[in-house]
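To start, the structure itself, in structure tokens.
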Amino acid sequence: MLNNTATHHTLPPGNSVSIARRFRRTSIILFAIVFMVMAAVMLYIFSRVITWVSLDYTESFAASSAEALSGHINREVGLMGKAVRSPEVIAWLQDEDNTDKKSAALGELKAIVNELHSYNLYIGVVNSSNEYTVQRISTPEIFLPFATLNREVAEDAWFFTCLDSPLEYRVSVGTDHVLQRDRMWLDYKVSLEGTPLGVICTGLEYGHIAGELFANFDKATMIGSVFDSSGKVHMSSSQSNMLDAAASFNFRGENVRAGNDDPILAAVQGYVQQRSDTGLQLPVAYSLPGGEYLSIAPIRGTDWYIAILSQGISIFSPTLFMPLAATVFALLVITALLSTLLTHRIIFSPLAMLGESLGLLSANQEARIYGTERQDELGELSRTIEDLFRKANIDTLTGIYNRRYMENNLLRLVEQLSRSGTSLSVLMLDIDFFKKYNDTYGHDQGDECLREVATTLNQNVSRADDFVARYGGEEFIVVLPNTDQAGACVVAQKLLQAVRSIKIPHTASSIAPYVTVSIGVTTGRVSHKQGWGSYVKRADEALYSSKQNGRDQYTFLAYSGLVTGASND
């Protein structure tokens, strides 16, 4: 165990920056960079996820709404198909005034009416242009024409448009002027070998159909519409009246057919054209500028479509962005704290303990270098420092400090003590007749003698700031900071007695049968004008006086005179 240390070197004040502080600064910078990168990545990922979800959400609404409307229409088409292919109905349309044929046709039509959604039918006859209506309560007696169809009358356009159409049936919207209700009409042509005989019409009530299609819509964020291949809108979730919808329906305050630069119109036209070219039957979703999403789906069995426009959730909306940013920030802070704690425990705390132990050595306090027992990089560093410290400051023969250490620390002490003007004492010791000892016992035993004397001196210099060093050969230096003349003389007397007490045989000595030492002592009040060498020189002069005066004694040499202390056995 060492009780003294090497010189502690420091950077000039203001230039010293600890590794831990640099690490914290770097960590903060890295944290900020990582936070911004992660925030950007998270925003991108969430925006993409929101886009995908919004597209799927909008597409699912379009598909389900189109399927619902297709189901209604195709159910009615199936029932109407029975009517237009009924032999009884065809026979009656060929012979309108035949009572028996009329009665048979009415029976067939009433059976179909009972299954229809609207429970009524309108029938137009080609040969007579008569218009009939069939309800569940109709009887042959009241089954009579109630109007004459006229191509010039707008209300009769359904009949003539269907006759002129190459399609077997067509879907339209309008008002039932008999019942005064908005309807989605299904007009079905009755033909025999390509010759039109009449048109049978039924209507799905607009309010009921619109309720089923759009009841679950959030009108603040979603609009649904039904339009045909020409782009004409027939039904809208934003309009309570079907005819208003057909006349003025819009998505964003602009008519859907406002101009070719409208992204909605472009999407609608592209989808209609694609369906015309490829027979596309699947819904398609589009992401529009401004965070809107449009999905279009065909209505089976017709040239109608349903479109759903939704306002997607913005990633930068306060309700989404703030919790997201707070979550990312909290995760990063937790990660940074855990990383900092682990780094402090694994790296900086051991480094601080190593630095503290070296600081104690630097202050001439007894301490062991921390970490020499560790089996990691820090342990290797500690053992290397310990080895370098010993090589640089420890005398390899005696195990005490060497001359290099003495010079460095004596220089430091003179600089330190000069600030307060306190005393410094230096003792120089020499083993008496050591050359004769070597000649008598050999150099190996001489080395052992040096080790025993060094150990004895070191054991009897106990204050934290005091230290013993081998000056060279058989000479030793004892440095006593903050020690006046009286204290130095007490230590000198103590060391004389301690060396005598180990009784190392020395038959060649002329003053005692065992090894003794001579000591030179000097004390001075330190000032900045003094150098450490003057203390060693003065102690050497005092040592010379002890030898001249008979050895085995100490001599104190002050700047004002010479004081001799003889051996006291």
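Computed over heavy atoms, backbone and side chain alike; hydrogens, waters and symmetry mates excluded. As the structure is a prediction and not an experimental result, all values here were calculated from the model.
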| field | Qualifying residues under ring pair (Phe, Tyr, Trp, His ring centres under 6.0 Å), relative to Trp92, sequence neighbours excluded | value | Tyr132, Phe143
| field | Chi angles and distances behind the side chain to side chain contact (heavy atoms under 4.5 Å, CB included) call for Asp156, Arg151 | value | CA-CA 7 Å; Asp156 298 337; Arg151 188 178 287 272; over 6 Å; no
| task | Starting at CE of Met80, measure out to CG of Asn74 and round the result to the nearest 0.5 Å. | result | 13.0 Å
| message | Once rounded to the nearest 0.5 Å, what's the spacing between atom CD1 of Ile296 and atom CD of Gln274? | response | 10.0 Å
| note | Partner of Leu186 under side chain to side chain contact (heavy atoms under 4.5 Å, CB included), picked from His72, Arg170, Glu76, is Glu76
| So does Leu341 have more than 12 non-hydrogen atoms from other groups sitting under 6.0 Å from CG? | yes
| remark: Residue pairs passing the side-chain hydrogen bond (donor to acceptor under 3.5 Å, both in side chains) test with at least one member in residues 279-290, sequence neighbours excluded, are none
| Below 4.0 angstrom, N of the basic side chain to O of the carboxylate: do Arg300 and Glu67 qualify? | yes
| Atom of Tyr305, atom of Asp303 and distance for their closest heavy-atom approach | CE1-O, 3.3 Å
| Heavy-atom closest pair, residues Asn402 and Ile394 | ND2-N, 3.6 Å
| message | Going by the rule side chain to side chain contact (heavy atoms under 4.5 Å, CB included), which residues pair with Thr384 if we only count those two or more places apart in sequence or in a different chain? | response | Leu388
| note | Smallest heavy-atom separation, Thr58 atom then Ser310 atom, equals OG1-OG, 2.7 Å
| said: Which heavy atom of Pro298 sits nearest to which heavy atom of Pro283, and what is that distance? | reply: CD-N, 4.5 Å
| query | Just how far is it from atom OH of Tyr293 to atom CG of Asp56, taken to the nearest 0.5 Å? | reply | 11.0 Å
| request: Indicate the atoms forming the closest heavy-atom contact of Ala66 with Ile306, along with that distance. | output: CB-CG2, 3.4 Å
| request: Count the heavy atoms of every other residue, nucleotide or ligand shown that sit under 6.0 Å from CD of Glu377, and state whether that count exceeds 12. | output: no
| Smallest separation among heavy atoms of Val199 and Cys162, with atom names | CG1-SG, 3.9 Å
| query | Does the side chain of Phe159 come within less than 4.5 Å of Asp187's, by heavy atoms? | reply | no
| query | Donor-acceptor pair, Thr161 side chain versus Trp158 backbone, under 3.5 Å? | reply | no
| Interatomic spacing from CE in Met353 to CD in Glu356 - rounded to 0.5 Å | 7.0 Å
